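This report concerns only the one structure given below.
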2 protein chains.
Amino acid sequence: MKDGPDIARIASLIGDPARANMLTALMAGKALTASELAQEAGITLQTASSHLRKLELGGLLQPLRQGRHKYFSLANEEVAQTLEALMGLAANVGLLRTRPGPKDKALREARVCYNHLAGNMGTRLFDSLVSRGFLRLADDEISLTSSGAIFVQEFGIDLGQLRAGRSRLCRRCLDWSERRSHLAGSLGRALFTRIEELGWAARDRESRVVTFTPHGRAAFNKLLGHQEAI
Amino acid sequence: MKDGPDIARIASLIGDPARANMLTALMAGKALTASELAQEAGITLQTASSHLRKLELGGLLQPLRQGRHKYFSLANEEVAQTLEALMGLAANVGLLRTRPGPKDKALREARVCYNHLAGNMGTRLFDSLVSRGFLRLADDEISLTSSGAIFVQEFGIDLGQLRAGRSRLCRRCLDWSERRSHLAGSLGRALFTRIEELGWAARDRESRVVTFTPHGRAAFNKLLGHQEAI
DNA sequence: GTGATGCTTCGATTAGCATCGAAGCATGAA
DNA sequence: TTCATGCTTCGATGCTAATCGAAGCATCAC
């Protein structure tokens with residue numbers, strides 16, 4: 001009864017609506033200031049400050065002071081993955097906060113998840129990389145094969161720089177809407193950044209929705225090696 | 001801000017200490033009655049009843065009436081996996097409920113996780129099955145290869161019966177102490193049941209700890225194809 | 001039937017915590 | 001320096017929810 005980690009503490013941290021809203025907002029991957037998070041959660045700055053303090057002490061957020069601003073982001077990918085798992089459960093029970101509307105459909109199609117691509121487009125990307133032998137799966141470790149390295153560099157990604165960073169290159173992240181994996185890790189982030197650079201897709205300003213241009217969608221499909229019928 | 005699933009509702013369900021204790025107790029995989037869960041959580045039966053109602057409505061528990069008893073178990077494996085993810089986060093931040101003692105060490109070595117084997121022994125089993133080509137990993141789908149099927153049946157498992165059941169044969173489950181996958185799904189449960197049948201290991205009565213006999217440990221290692229030095 | 005056991009419902013109490021106004025304290029701009 | 005902006009701390013308020021006693025309602029044993 002009293003062995004094992006104390007899940008109640010962190011679950012109750014996530015369990016407050018205001019804090020949950022902040023965390024959800026941070027799932028987009030951008031660091032946000034205390035004021036922005038307060039607005040996101042619909043509370044005053046004082047209240048937000050108190051919440052942020054708790055989240056920080058609980059190890060869920062990583063703060064960064066810059067002048068008189070204080071930026072917050074999720075502490076690490078494990079936090080993001082746990083939040084996705086909770087979203088999966090919530091979606092399962094039908095606890096969607098809004099009626100499934102156009103926004104919801106767009107979210108399921110493509111969204112940003114801690115700076116990498118999620119939703120249908122995300123899992124399709126992952127599947128394609130695996131089936132073409134660019135990613136190898138062994139236990140939880142995902143690794144980039146040599147042919148995968150070539151593919152990625154031809155797509156315009158500086159692999160050396162990624163490998164020099166201290167965060168893991170490849171990770172899997174369970175997608176709550178698709179219920180399968182998509183690619184996370186620094187490579188996942190780099191791929192999505194490159195897709196943005198190429199102008200194939202753009203993030204919505206106020207949500208996690210990612211919108212592909214018609215051309216971008218076609219190019220993306222071609223990249224995956226699919227015959228395309230728009 | 002208000003798109004996506006409502007994680008606050010379920011997180012707050014898990015976030016109450018009494019409910020978290022009940023859920024943790026149910027991670028052992030056995031169905032428990034309301035009274036047993038009340039005792040597990042250290043609260044009266046009335047209070048427990050109210051909590052259990054909420055967990056049931058929230059889709060986290062699956063009730064089963066039997067006469068004047070009401071048995072509860074976790075609703076599905078997704079719930080168990082989310083709880084493991086939360087345990088991982090909690091352990092990360094150092095939120096262990098007790099000082100790491102002998103019990104904790106035993107938990108990390110081998111424990112039961114929703115009726116399958118977890119901890120160091122669990123991940124070693126998984127690794128061995130994968131590296132010997134008995135399990136194939138493709139995206140999130142894990143499948144048993146034909147050589148794997150032979151291996152499993154030689155171990156004394158009725159594969160036909162498992163396949164007839166409606167729950168998935170193979171699943172991965174992220175281990176909070178090892179931070180890697182072990183095998184879940186009906187096959188994972190069957191393997192552990194068989195290990196119990198053979199007398200290789202036994203569950204602790206009051207915790208999730210699994211204790212291997214010296215002979216059982218040796219046999220287990222031999223099963224994994226390891227040279228054994230006790 | 002009677003009594004015992006297991007669970008649920010009701011009602012009252014209590015404690016914890018989210019909330020915000022007001023004041024304090026930095027940082028940056030003029 | 002003076003003022004504005006962004007965040008934190010303090011204190012008071014109010015609401016929510018956990019808790020348990022007591023009563024109610026099934027089920028089982030006899």
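Lettering of chains follows the sequences in order, A, B, ..., and the numbering in each one begins at 1. Predicted model only: the values in this text are computed from it and were never measured.
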To the nearest 0.5 Å, atom CD1 of I10(B) lies from atom CG of L55(B) at 11.5 Å
Could you state the [atom1]-[atom2] distance from [X] to [N], rounded to the nearest angstrom?
X	N	atom1	atom2	value
L37(A)	dT8(D)	CG	P	11 Å
L52(B)	dA18(D)	CG	P	12 Å
F72(B)	dG6(C)	CZ	P	15 Å
R9(B)	dA17(D)	CZ	C1'	15 Å
Q66(B)	dT27(D)	CD	P	14 Å
D16(A)	dT16(D)	CG	C1'	12 Å
L45(B)	dT9(C)	CG	C1'	12 Å
H51(A)	dT9(D)	NE2	C1'	15 Å

Verify the contact: side-chain N or O of [X] to OP1 or OP2 of [N], cut-off strictly under 4.0 Å; return yes or no.
X	N	answer
T47(A)	dT19(C)	no
K54(B)	dA18(D)	yes
K70(A)	dA26(C)	no
R19(A)	dA18(C)	yes
H69(B)	dC28(D)	no

Pair E36(B) + K30(B), salt bridge at N-O below 4.0 Å: no
Name the closest nucleotide to the [X] side chain, picking from [options].
X	options	value
R68(B)	dT8(C), dT5(C), dT19(D)	dT5(C)
A18(B)	dA18(C), dT8(C), dT19(D)	dT19(D)
S49(A)	dT19(C), dT9(D), dT8(C)	dT9(D)
Q46(B)	dT8(C), dG21(C), dA18(C)	dT8(C)

Base, sugar-phosphate, or nothing for A48(A), non-hydrogen atoms under 4.0 angstrom? nothing
Give the intermediate values and the outcome of salt bridge (Lys or Arg N to Asp or Glu O under 4.0 Å) for residues E197(B) and R194(B). CA-CA 5 Å; E197(B) 275 176 14; R194(B) 183 71 181 136; 2.9 Å; yes
Option passing side chain to side chain contact (heavy atoms under 4.5 Å, CB included) with V152(B) (candidates L129(B), D158(B), L159(B), L162(B)): L159(B)
Which residue, F220(A), F192(A), W200(A), forms the ring-ring contact (aromatic ring centres under 6.0 Å, His included) with F212(A)? F220(A)
